[in-house]
Each structure stands twice: as C-alpha cells, then as structure tokens.
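These notes are about the structure you will find just below.
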Number of protein chains: 4
Amino acid sequence: MATQRDGQHLQIRLDPGSSIPFYRQIILQVEMAIADGRVTTGYRLPTVRGLAVDLQINPNTVAKAYSELEIRGLVSTQHGTGTFIGEWSPAPSEVDREQLLSQLVHEFMSHLGSYGFTVDDLRAYLREESAKDGRK
Amino acid sequence: MATQRDGQHLQIRLDPGSSIPFYRQIILQVEMAIADGRVTTGYRLPTVRGLAVDLQINPNTVAKAYSELEIRGLVSTQHGTGTFIGEWSPAPSEVDREQLLSQLVHEFMSHLGSYGFTVDDLRAYLREESAKDGRK
Amino acid sequence: MATQRDGQHLQIRLDPGSSIPFYRQIILQVEMAIADGRVTTGYRLPTVRGLAVDLQINPNTVAKAYSELEIRGLVSTQHGTGTFIGEWSPAPSEVDREQLLSQLVHEFMSHLGSYGFTVDDLRAYLREESAKDGRK
Amino acid sequence: MATQRDGQHLQIRLDPGSSIPFYRQIILQVEMAIADGRVTTGYRLPTVRGLAVDLQINPNTVAKAYSELEIRGLVSTQHGTGTFIGEWSPAPSEVDREQLLSQLVHEFMSHLGSYGFTVDDLRAYLREESAKDGRK
DNA sequence: GTGGTCTAGACCACA
DNA sequence: GTGGTCTAGACCACT
C-alpha cells in the first residue's frame, strides 16, 4: 500500500496533446483533488514557480490557473506565503441544493439530447468511468 | 400527426456557455442526427440564413459548419436549392460518440463543480431518479 | 441635457497614480456601471484591443480584467464576437439574501471596529458619498 | 472590573481577505487606537512573539509593523522590556482616517458585489437597522 | 477583427 | 522565497 502513496495528494500532470489549455488542465486537476478529498482546507498548493519548473511551463500560466481558482473561491492566496485550499462556501439548504442540481441536470439532458444522447447513455458512461477509477 | 414530429428529426440548439465553438456544435449535432438515424439521405437541412436567424448567430458561422460537413461528404449543397444529407453517410464511430459524450460530461461536471457539486452528487441524483421512474 | 450624454454609459478611465492596479480599476468601473444601471444585459463592452489603445495599456491587462469579470459571471464573452454584460445570477429567496447581507455587514462592522470606526462613521460616509454622486 | 476591559483598548484583528497587507493592518489599527484615545502614552503593546502567535502569522510581520511604527515615532521599543506608545503621538489626520474608511468601504462593497448586492442595498439595510434601533 | 493562450522577462511588495 | 502586475509580442481559433 505504501508503494501507492505517490501522487496521492496532488500530482499535477499536463497533456500537451490535449486541446484543453494548460492553465485549465491545472484548474481541473486541482478541482478534482478537492472533489475527491485528496486535498482539504489548509492544504498548500505547490508554489507558482515550483510548479512551473516541474511542468516546464511559464510561471504566468500557473499563476493564471491559481488566480482563477482564487476568484472562484476554491483557494485563497496569502501574499508572500503561498496558495492554500479554502473552506467550502457555506452550503445553502439541502432542499435548495437538490432543486438546483435537478434543474442543472435537466438542462444538461436537454442539451445532450441535441446530440442524440439519452439519460441511459449518461448513466452508462458514468458507470464505466467509475469502473475505470476503481481499477486505477 | 406523424408528419409534425419535425423537432424530433433535427433540432439544433447552441450552448453559448460551452467551450465547443458554435460551428462545431452544429456539425456535431448534424453528425449525431445522421448517426442515430434521425435524419437520412435526402433530408434537407435548414437554410444557412434561416438557421442563423433561429440561433441568433452570424450566417458565416452556419456556413462554415455546412461547408465542413460538405467537405467531409456528409451533406451536399445544391446551389439555389438547399443543403441535403448525402447518400453515403459514414456514421461517426462509436469511439467518436464516446469521446464527445466524455467531453460534454466533463464540461458539465466542471459547471456543476462551480456550484459545489461532485460527480458523486450527480451519480446519487441519477440513481434516485431511476428509482423514482421505476416506481412510476 | 444632451451635452451630458458623454461617458454616460461606460467611460473607463485609469488613475496611474492609484495604488489600485489597472486591471482592478477596470473591473471596479465595470461593476459600478452595472450596479448603477448605466449598462445592462446585452451591452457590449469595448473590445480588448480597442480599450487597450484608448487607455494606452497592454491588451493583456484589459483581457485580464474581462476574464475576471467573466469568471465572476458578470459578463459573458463570445469568441470572435465580443464581451457582453451577462444576466444577473438567479437570486436566492429574499429572506436568505437579507440574512446574508446582515451577516456580511456585521462581520464588516466588527472589522471596522478594530480601526475604531463606528456604524455612525459608516452611515456618515455613505451619506457623503451619495451627496457627491448627486452633485456629479 | 474596569481593569478587565482589555479588549477595549487594543484588540488587533486581521482580515486575510483584505488587500491591505497584514503588517499595514497592524499599523493602522495601532494608529487608530492612538487617534481615538483607546491607548495612550505608556501603554504597552503586545509582544512581537505573543501577537504573532495570537494572529497566527510570522513574527517578522509583527516586527515589521512595530518597526515602522517606531520609525514614525508613534511607539518606542525598550529592549528587553517591550514596546510602548510614545509620549508625543501625532494623531493621524482626519483626512487619513477618511481615506482609510473609504478604502475599507470600497473593499467591502466589492465583496458585497460578488454576492450581487449594491451600495443601495447596503444603504437600505443600514436605514432599516437604524429604524429598528430607534424603536428599541 | 474578435478574444484566448502562452512565453519571456522585468519590477514590485509581502512574509 | 512567495505571489502580483505589467509589458511586448507571437500564434491560434472563432465570427
């Protein structure tokens, strides 16, 4: 098990071949790490320069990613100290959240419909994804 | 009544929020409609101008989409008559469909994320929905 | 009255002497224009390059400001078309909003207290500000 | 009991969200406490280390603040004894106080803005509150 | 022409 | 050492 600890917390990797821009790949990976609970409030992200060297990209690109994360309230940055995972914004009532989710999903389904996908396609896809994650 | 199921065939809808450009959204929706048989050889696509007005976008954008569809051989344009689904319409591969679905889902998840929802919230929601539907 | 129409909608000006960075000055002025109702949903902001020339600053700086506004959901940008004032995000219930405002104000007052300011100082300040605006 | 009103004299609190750096927040709060007489000549400030622990910040930051206060002649440091409010403590001018208040309010408004509140919402709220207090 | 991304590099302020 | 701001300039994709 110990051999598996690597990249357990937050190991950012870029796919230069992807059409997703670098800064967005970083954002997505940080978001995922938060969603998965791999990192939580107070966790310190790699420094802008450090990550830039690691990924062999320009520091500005990392900074742009961190900056967007901060605007969204996912991380908070302390000048001269570093960038940290923030607290989750206070959740509205559970009922409201459920309603909101329902609305968002329905909008999305109508959108998927334009491409000929059905709810079952979505379910199947999520099932596969979850299977893949399990194998990893 | 059956003649009136127009919207069932090809109802193009754009998502301005998506990172997929308009012209590509149009292409994908036409492709997918061909793929699952909602439209077949000889079906007449909406006119460039008509669709542009409908979608409230620049006619050039529609034209670009149609043009690319023609290059790929999926549709053929009859000057002064309209644009029609071609005779030999190679359906997009399952892999392409899966990729598209994947991209759409990931974008949606990122969207959900900004409201603080996780993949698991989505899974849970779909599970509940499916349970409800079962009961009905 | 007609002589007063200038800069009525959105006239952005930078104060190079201010300690507030350029991109933030732009953000603040757009926010103000929205808050004042000088611009509303659908209003098209100056182009990135155009504004940069006007203000004699680097286009990237304008882009950074617009980008933050977009992340916050205040504007929405359409690639190749421009940047537009967005719709207001759907408001939660009035009661919740009132509670939220109350909480925020109380936090702020406690903060002001550390500097020796009182609620009355705040009231007086706002009164002056409103007087100034009226004069303009 | 009167000897226990400690927090009344000088209770320093930091706002990590503010754009005002920590060291400056400390300086301003000490200045303002002097200005409105909450602390006077001979009052002993918290120790550098003690305050750093309290505020959970780097001692260097507290030291920097105290050092600047000493340069301005507002406090004097007695090696091995502590830091004390000086004998001649020029109070910050009214203009400075107004500027500070202005900055704090503007920052707060920007904060409120991200929740969709406007200056007018704030005004309305304060008006209501004042009405309520009057009734009490 | 529009915005988006990325680089290189400079200078500043905070801890 | 940390992050923040700004410039200059290149290249790309969308309308």
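Protein chains get the first letters and strands the later ones, always in sequence-line order, with residue 1 at the start of each. Predicted model, so just to flag it, every value in this text is computed and none were measured.
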In whole Å, I'd like the distance from the [atom1] atom of [X] to the [atom2] atom of [N].
X     : N      : atom1 : atom2 : answer
C:F22 : E:dC12 : CZ    : P     : 14 Å
B:E68 : F:dC14 : CD    : C1'   : 12 Å
A:L69 : F:dG4  : CG    : C1'   : 16 Å
A:L14 : E:dC6  : CG    : C1'   : 12 Å
C:D15 : F:dT5  : CG    : P     : 16 Å
B:L28 : F:dC14 : CG    : P     : 12 Å
B:Q25 : F:dA13 : CD    : C1'   : 15 Å
A:E70 : F:dT5  : CD    : C1'   : 14 Å

Problem set entry | B:L104 side, atom CG; A:H111 side, atom NE2 - distance, nearest 0.5 Å |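 Here the interatomic distance stands at 6.0 Å.
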Exercise. Which value, rounded to the nearest 0.5 Å, describes the distance between C:I20 atom CD1 and C:D15 atom CG?
Worked result: 8.0 Å
Check whether any side-chain heavy atom of [X] lies under 4.5 Å from a side-chain heavy atom of [Y], and answer yes or no.
X     : Y     : value
A:L45 : A:Y66 : yes
B:L74 : B:V30 : no
D:R97 : D:M32 : yes

Problem set entry | Nucleotide nearest A:P21 (side chain, heavy atoms from C-beta), chosen from F:dG3, F:dT5, E:dT5 | E:dT5
Exercise. Taking for each residue the nucleotide of DNA chain E with the nearest heavy atom, is it C:G82 or A:I20 whose nucleotide lies nearer the 5' end?
Worked result: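 Checking each residue's closest nucleotide, the 5'-ward one belongs to C:G82.
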Exercise. What about A:H79: does its side chain form a donor-acceptor pair under 3.5 Å with the base of E:dA13?
Worked result: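 By the distance-only test, yes, there is a pair.
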Exercise. With a 3.5 Å cut-off and no angle check, do the side chains of C:S114 and D:Q11 form a donor-acceptor pair?
Worked result: no
Exercise. Is there a donor-acceptor contact under 3.5 Å linking the side chains of C:E70 and C:S76?
Worked result: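 On atom types as modelled, these side chains do not qualify, holding no pair under 3.5 Å.
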Exercise. Base, sugar-phosphate alone, or nothing: which one does C:R24 contact when heavy atoms must sit under 4.0 Å apart?
Worked result: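 Nothing, no nucleic acid heavy atom in range.
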Exercise. When we call it a touch if two heavy atoms are under 4.0 Å apart, what does A:R49 touch: a base, just sugar-phosphate, or nothing?
Worked result: base
Exercise. For DNA chain F, what is the dot-bracket line, given that a base pair needs Watson-Crick (N1 to N3, plus N6-O4 or O6-N4) or G-U wobble (N1-O2 and O6-N3) geometry with both distances under 3.5 Å, and | means paired with another strand?
Worked result: ||||||||||||||.
Exercise. Relative to each other, are the rings of C:Y43 and C:H9 parallel, tilted or perpendicular (30° and 60° limits)?
Worked result: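 Judged by the thresholds at 30° and 60°, the geometry between C:Y43 and C:H9 is tilted.
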Exercise. Is it true that D:R72 and D:E68 make a salt bridge, defined as a side-chain N closer than 4.0 Å to a carboxylate O?
Worked result: yes
Exercise. Is A:T77 near enough to F:dG4 that one of its side-chain N or O atoms lies under 4.0 angstrom from OP1 or OP2?
Worked result: yes
For this session: Would you indicate, yes or no, if F:dT2 has its OP1 or OP2 atom less than 4.0 angstrom from a side-chain nitrogen or oxygen of A:T47?
Result: yes
Seminar exercise, completed: So, with a heavy-atom separation below 4.0 Å from DNA chain F, the residues of residues 51-66 of chain D are none
